[in-house]
Each structure stands twice: as structure tokens, then as C-alpha cells.
Amino acid sequence: MTNELQPVRGTRDLIGEDQRRHHHVVETARRVAAGYGFDEWTTPIFETTAVFARTLGETSDVVTKEMYTFQDRGGDSVTLRPEGTAGVCRALVSNGLTQSLPQKVFYAGPMFRYERPQKGRYRQFHQIGIELIGPSEPLADAEVIACGWHIIDALGIAASTVLEVNTLGDRESRQAYRDALIGYFTARKDRLSEDSLMRLDRNPLRILDSKDAGDRAIVAEAPTIAAYLTPEAAAFYDTLRRHLDRFGVPFRENPRIVRGLDYYGHTAFEFVTDALGAQGTVMGGGRYDGLVAEMGGPHTPAVGWAAGIERLAMLLHEAPSVPGTVAVVPVNEQAEPAAIDALQQLRRAGIRAEMAYRGNMRRRMERANRIGARAAVILGPDDIAQGVAQVKDLVSGTQEPVSLDALADRLK
RNA sequence: GCGGGCGUAGCUCAGAUGGUAGAGCGCCAGGUUGUGGUCUUGGAUGCCGUGGGUUCGAGUCCCAUCGCUCGCCCCA
């Protein structure tokens, strides 16, 4: 196979079972989110680069190294969206919807990140997500999490995931905690891994989720944010946990969940699994009260999550089955016109029906079997003369004549 | 950007010490011109990832390169 015919690194085709799994995840999420009152938005898959760069910090690694950024023919810098939230917030502001809160948004679609592919990690991947924009009450956070849990449960994978919840506190809490962590890790810098020494400089909170065994021992003794929460932040977190219990959502507290950017505060959560190798997070989210303002809109509280469709699809225990079809089988070429009539009668009645394009009867029966048809409608000259078709149940093997105008009713 | 593993038929894979490429599944056709699944007979299929080197001779050894994969880093 030549290079040119290979898919670009980190992209892949969704065909057959892959596509069915993908589709099932999206449809399930769409249905459950609709039940919580979320409306679907479709925003462009590329935006002006500033939409992402501004919210991510102009010089961070993710902006400089991991975004698909291009100049278009007019010379403008555009970027394939690396995540969904920024575009939704831009659309909120562009459409003047900051005056019509709350907004409850569901989205699904492709995202793009220039990363080294590995298990559960692609350059073009797909996410579903919801954003609840407007409310600042922890009830909103609880509802958003409940919706996510509900989707995971509806997909039948609740047993293989765990919901972990944490609070990042308010700005004051975060600053105090950050200072405390820097003090703690600096006092132990001779025992930190090389990677974590870098983190101490650039992003000390990330030491908390280091994979290095030595680091983890140090992290286990590190202070948690609980002692540094302001009374307001502590009350917010208490209320959230109480609501989660009320919503019936099982969770575990994990004080090591962190977020890298300043606009995050209070709630942070992840649904994690150990079934996907190094990519343990299946759904992640939290409260981002500062984001809309950073994009140039009015201060607008918001909370949401995003989930990787590929990762959810991999967790599905079995692939959604192919829909049963009815195979129409003309015995010979002379029977084809009558077969076409039967075919269209079934389709108009909403029954999935197919007819092979060539081959003798035997071939067409083999084909019917291969595509997993549930029944065959067999039409030969004798049948047509009598105004019937032979309807054969391909599972049981039983066959009986059915009046031509009763086919759809019989095969419903 | 860094490290491990792997590239042989459509798919999964076998090919000791170098001797001119195989199996299973799938596919096509016959046994069966109005009946699928099971059975049976026959058939097609390969730039052995690519380029170079060593050799009388390379799928096999050496070098390079590309790709896939798992992990590190990063994770909005």
C-alpha cells in the first residue's frame, strides 16, 4: 500500500462494528441529555485561532505544539477545534445568548489534537459534551454530573467506571493551596523525579498526578486542599456532595484531581476506568466560571463535561447488533419486477429490505444468509401466478406462502 | 520530542542453523437450473513495508528509512 492511500497518522475510519459502537454512544448520550433539558448545538469544527489561544494561554504547550493551526487563503489563522467548550462559549457570546440564561447545551463531533497516538488517543477523535451556562449554584454541578452518570449507566458501563470528585475551591483557596504545595514539594525536591522538578517550576499541581512511583509516595503525604478552603468554598463542596447523594450518583472523593487553567474553580470530576491502559479518563469536567469572561463576554458561571466517544465505545461490552433485514429473492430474472414491487412495499412500511443485484436463486439465498437476514421473501413464476410469495423464516427454516398484499403486515 | 514491541495473502498468523513462500478463516466456482446455514471438490491471491548492503543465493543477516502499536512527556 502506498503512503498516499494510508490514513493520516492518528486518524481512522469508522466502518461496520466501529461505526455502530460510535453511533450507539452518541445516540444514547443525545437521548439522555435531552431528558435533562439539554438542546443540541452544532458549532464549526474550526474557529479563529484566538478563540482557543486566548482561553488556553498564548504560550502554553497545548497552544504552541498541540493544536492544528493553519493560515487560510485570506491569511487568517484558524484552528481545528481541540475541544468543544470554547466554541460553545464563543457561540453563546456571538449569538447574544448571555441575555438568555440558563443555556443547556449538548454537542457531539470531531476534535483535533496534534499528539502522538496511543491506545484511546487519536489526532482526530470525537467527543460528546454538555455545558450548563448561567447558574452558579452547586445544584447545577450535581445535575450535570448526574446526567453524565446517567449516560454511562445507560451505556451499560457503570460497573467498569468510577466517578471521582474533587473541589478546586475558589480563587483565594486555590492560591493558598498552591503556595502550600510549592512549599511542601520544594522541601522534598531532592527526592522528586526529573519530570516533577520541571513541573514544580511550571505547573506544580501536576505533580499530584505524576505516574512516577517515587513521586507518588511523596504525593501521598502531600497536603490536600481541604485545609485551605475558604468557608464559602467548603460550603459549596458540602452542598455538591449532598446533592450527588440525593441524585443517587455514587462517587468517590479524589483530592488529587487537578485542572491546569485559571478559569476553573470549585467542582472538578472525572469518570475513570482501568480498562483502557494509560488513558484512564473517560469523561471529565467541572466548573469554569471564568471562561466566558476571558473570551470577552460578561462574567457568566458555567459547568460542564466532555467525554471521549472512542473510549466509551471501547468500554461497550458488545457491539450493537446489525438491524435485521428481509431479503427478497426472485427465483429467476422473470420474477424480478414482482420482486421489486415486494421490496418497495416492505420499505414503504418501514421494514428494512434488500435484494441482491445478480445471481441465481441459490446465490441469492447464500447472500441472504451472509448478511444475517431474518427472513427471505421468495418469488417464482408459480407464486406470482397465485398472487403469493414464499416467506421463509431464516432462523427457524420454516416457510409458508403469504398473499402479496399482506407481505408488509406479515413481516412487521 | 523520548523509549519498548511489531510489519509475510483480504483477515489472523507460521516460516531452526540463509536454498527461491505456507496454514486457517474469508473470497470465487462446481457438487445442487425453486431454497441459505452443514458437508464436499476445485480455484485465485503476495514488489515477505521501502531503499541499500553482505552473499553464488536474503522473508531470514547488517544499515537506513517509513508505517503500525504500547508506554513516557503533555492532557484544554
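The chains referred to below are lettered A, B, ... by the order of the sequence lines, with proteins before strands, and numbering in each begins at 1. What you see is a predicted model; the values in this text were computed from it and never measured.
- Across the P atoms, B:A9 and B:G59 are found 14 Å apart, a figure rounded to whole Å.
- Remark: A:Y114 OH is loosely packed, at most 12 non-hydrogen atoms of other residues, nucleotides or ligands lying under 6.0 Å away.
- Comparing A:Q399 and A:D209 by the nucleotide of RNA chain B whose heavy atom lies nearest to each, the residue mapping closer to the 5' end is A:Q399.
- Here B:C68 sits opposite B:G5 as a Watson-Crick or G-U wobble pair (both hydrogen-bonding atom distances under 3.5 Å).
- As rounded to the nearest Å, B:G52 and B:G19 have P atoms that lie 22 Å from one another.
- Regarding A:R259, its CZ atom lies at a distance of 12 Å from the P atom of B:C75, rounded to whole Å.
- Within a 6.0 Å sphere centred on CG of A:D274, other residues, nucleotides and ligands contribute 12 heavy atoms or fewer.
- For B:C75, its base sits under 3.5 Å from the side chain of A:R121 at one donor and acceptor pair at least.
- Dashed line: the shortest gap from a side-chain N or O of A:K211 to OP1 or OP2 of B:C72 is under 4.0 Å.
- In this structure, B:C48 forms no base pair with any nucleotide, since neither Watson-Crick nor G-U wobble geometry is met with both distances under 3.5 Å.
- Nucleotides B:U50 and B:C39 have their C1' atoms positioned 45 Å apart, rounded to a whole Å.
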Tabulate atom names and distances for all N/O pairs under 3.5 angstrom spanning the protein and nucleotides 24-29 of chain B.
from  : atom 1 : to     : atom 2 : distance (Å)
B:A29 : OP2    : A:R363 : NE     : 3.2

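- Nucleotides B:C74 and B:C6 place their C1' atoms 25 Å apart, quoted to the nearest Å.
- Of the side-chain N and O atoms in A:R199, one or more sit less than 4.0 angstrom from OP1 or OP2 of B:C73.
- Partner assigned to B:U17 is none, using Watson-Crick or G-U wobble distances below 3.5 angstrom.
- Counting non-hydrogen atoms of other residues, nucleotides and ligands closer than 6.0 Å to CD of A:E253 gives a total above 12.
- Relative to the six-membered ring of A:Y237, A:R241 meets both conditions, a distance below 6.0 Å and an angle of at most 45° to the axis.
- Residue order along RNA chain B, read from the 5' end via each residue's closest nucleotide, puts A:P117 first among A:P117 and A:D195.
- With its glycosidic angle within 90° of 0, B:A16 adopts the syn conformation.
- At a cut-off of 3.5 angstrom, the base of B:G34 holds no donor-acceptor pair with the side chain of A:N332.
- A:R364 comes within 4.0 angstrom of nothing in the nucleic acid, heavy atoms only.
- Rounded to whole Å, the C1' atom of B:C75 lies 41 Å from the corresponding atom of B:C62.
- Between B:G49 and B:G67, the distance separating the two P atoms is 16 Å to the nearest Å.
- Counting to the nearest Å, the C1' atom of B:U35 and the CG atom of A:L379 are 13 Å from each other.
- When heavy atoms are screened at a 4.0 angstrom cut-off, A:F112 is found touching no nucleic acid atom at all.
- Cation-pi check for A:R81 over A:F52 is not met; the charged atom does not lie both under 6.0 angstrom from the ring centroid and within 45 degrees of its normal.
- Atom CZ of A:R116 is separated from atom P of B:G1 by 7 Å (rounded to the nearest Å).
- A:V395 comes within 4.0 angstrom of a nucleotide base, judged by non-hydrogen atoms across all strands.
- Using atom C1' as the reference point in both B:G71 and B:U65, the two lie 23 Å apart (nearest Å).
- Taking atom CD of A:E194 as the reference point, atom C1' of B:G1 lies 14 Å away to the nearest angstrom.
- Nucleic acid contact class of A:A278 (heavy atoms, under 4.0 Å, all strands): sugar-phosphate only.
- Under 4.0 Å is where a charged nitrogen must lie from a carboxylate oxygen, and between A:R90 and A:E47 at least one such pair does.
- One atom, CG of A:N203, and another, C1' of B:C73, lie 13 Å apart when rounded to the nearest Å.
- Ring orientation note: the planes of A:Y68 and A:F112 are nearly perpendicular, at an angle over 60° on the 30°/60° scale.
- Annotation for A:R188: atom CZ counts as buried by contact number, over 12 foreign heavy atoms lying within 6.0 Å.
- Remark: C1' of B:C72 and CD of A:E66 are 13 Å apart, rounded to the nearest angstrom.
- Not a single donor-acceptor contact under 3.5 angstrom links the side-chain atoms of A:K65 to the base of B:G1.
- Between the CD1 atom of A:I371 and the C1' atom of B:G37 there is a distance of 14 Å, given to the nearest Å.
- Note on A:G284: nothing from the nucleic acid sits closer than 4.0 angstrom, heavy atoms only.
- When the P atom is compared between B:A21 and B:U60, the two are found 14 Å apart, to the nearest whole Å.
- Within 6.0 Å of CZ on A:R347 lie more than 12 heavy atoms contributed by other residues, nucleotides or ligands.
- The pairing partner recorded for B:U33 is none, the criterion being a Watson-Crick or G-U wobble arrangement whose two distances lie under 3.5 angstrom.
- In this model, no side-chain donor or acceptor of A:N369 finds a partner on the base of B:G37 within 3.5 Å.
- Residue A:R9 places at least one side-chain N or O under 4.0 Å from the OP1 or OP2 atom of B:G67.
- Side-chain nitrogen and oxygen atoms of A:R362 include at least one within less than 4.0 Å of the OP1 or OP2 phosphate oxygen of B:G36.
- Backbone-only engagement by A:E83 is indicated by non-hydrogen atom pairs under 4.0 Å involving sugar-phosphate atoms exclusively.
- For the atom pair OG1 of A:T267 and CZ of A:R287, the computed distance is 6.0 Å after rounding to the nearest 0.5 Å.
- Using a 4.0 Å cut-off, no side-chain N or O of A:Q6 falls inside it from OP1 or OP2 of B:G67.
- Between the OH atom of A:Y122 and the P atom of B:C68 there is a distance of 12 Å, rounded to whole Å.
- Enclosure of atom CZ in A:R113 by more than 12 non-hydrogen atoms of other residues, nucleotides or ligands within 6.0 angstrom is indicated.
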